[in-house]
Amino acid sequence: QVQLVESGGGSVQPGGSLTLSCAASGFSLTNYAVGWFRRAPGKERLGVSCISVTERGTYYRDSVKGRFTISRDNGKNTVYLQMNNLTPEDTGTYYCVADSGSSWGLCGGTFTNGARWGQGTQITVSI
């Protein structure tokens, strides 16, 4: 079965950390750019961070620069998002997506018909 499965979400206090995982099954992530998108309640879906096939191309939304780190382990067919110093504004459902193209294009919302999405994982940051 071809799918992406996110894990690692949860509830944390401001300043806390979480690591999200996006594991692919049924296909290899090796030839895909992968991104993390967030949908906060009542807001549009936004690209948070994306990584290119070669890992040399990464994109971070301004609000997460210096706090989030995206990485990939092609041997494990998984992409990670390390999230530090979390704030309430980081709250939302996080989705991973795999698609061809660049990391910047992906996080900018340029998708092909072959884009594959996970089901999402919830992050809540509150006192």
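Only this structure's heavy atoms are used, side chains among them; waters, hydrogens and symmetry mates stay out.
Annotation: side chain of V125 is in contact with side chain of P88 (closest heavy-atom distance under 4.5 Å). You'll find the side chain of Q82 stays beyond 4.5 Å of the side chain of L18, heavy atoms only. When side chains are defined from C-beta on, S21 counts as touching Y80, because their heavy atoms get closer than 4.5 Å. With contacts defined as side-chain heavy-atom distances shorter than 4.5 Å, the pair T121/L20 qualifies. Side-chain contact between Y94 and R39 is absent, with no heavy atoms from C-beta onward closer than 4.5 Å.
Across all their heavy atoms, D90 and I123 have their closest contact at O-CG2, 4.3 Å. For the residue pair F111 and D99, the shortest heavy atom distance occurs at CA-OD2, 3.2 Å. Across every non-hydrogen atom of R116 and Y32, the tightest pair is NH1-OH, 3.3 Å. A pairwise comparison of heavy atoms in A98 and V34 identifies CB-CG2, 4.3 Å as the closest pair. Taking every heavy atom of both residues into account, S17 and N84 meet most closely at OG-OD1, 3.0 Å. Between L29 and R72, the shortest heavy-atom distance links the atoms O-NH2, 2.6 Å.
We find the OG-CD distance between S126 and Q13 to be 8.0 Å, quoted to the nearest 0.5 Å. Here the straight-line distance linking atom OG of S100 with atom CG of L106 works out to 9.0 Å at 0.5 Å rounding. Interatomic distance, I70 CD1 to C50 SG, rounded to the nearest 0.5 Å: 6.0 Å. With rounding to the nearest 0.5 angstrom, the CD atom of E6 is 11.5 Å from the OG1 atom of T78. Here the straight-line distance linking atom CD of E44 with atom CZ of R38 works out to 11.0 Å at 0.5 Å rounding.
Distance alone, capped at 3.5 Å, places no donor-acceptor pair between the N74 side chain and the N77 backbone. For T124 (side chain) and S11 (main-chain N/O), no donor-acceptor pair under 3.5 Å exists by modelled atom type.
With P14 as the fixed residue, the side chain to side chain contact (heavy atoms under 4.5 Å, CB included) test singles out one of I127, L86, T87: I127.
Residues S28 and T30 have side chains that bring a donor and an acceptor to within less than 3.5 angstrom of each other.
Residues F37 and W117 bring their aromatic ring centres within 6.0 Å. With ring centers used as reference points, W104 lies under 6.0 Å from Y59.
Hydrophobic clustering (side-chain heavy atoms under 4.5 Å, transitive across Ile, Leu, Val, Met, Phe, Trp, Tyr) groups V48 together with V12. Under the 4.5 Å side-chain heavy-atom criterion for ILVMFWY residues, no single connected hydrophobic cluster contains both V97 and W36. Hydrophobic clustering, with ILVMFWY side chains joined whenever heavy atoms are under 4.5 angstrom apart, groups V79 together with F27. Grouping the Ile, Leu, Val, Met, Phe, Trp and Tyr side chains by contacts below 4.5 angstrom, directly or via other members, places Y95 apart from I51.
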| request: Could you give me the CA-CA distance, side-chain angles and deciding distance for T69 and L81, then say whether side chain to side chain contact (heavy atoms under 4.5 Å, CB included) is met? | output: CA-CA 6 Å; T69 303; L81 186 66; over 6 Å; no
| field | side chain to side chain contact (heavy atoms under 4.5 Å, CB included) evaluation trace for M83 with T19 | value | CA-CA 6 Å; M83 311 166 73; T19 300; over 6 Å; no
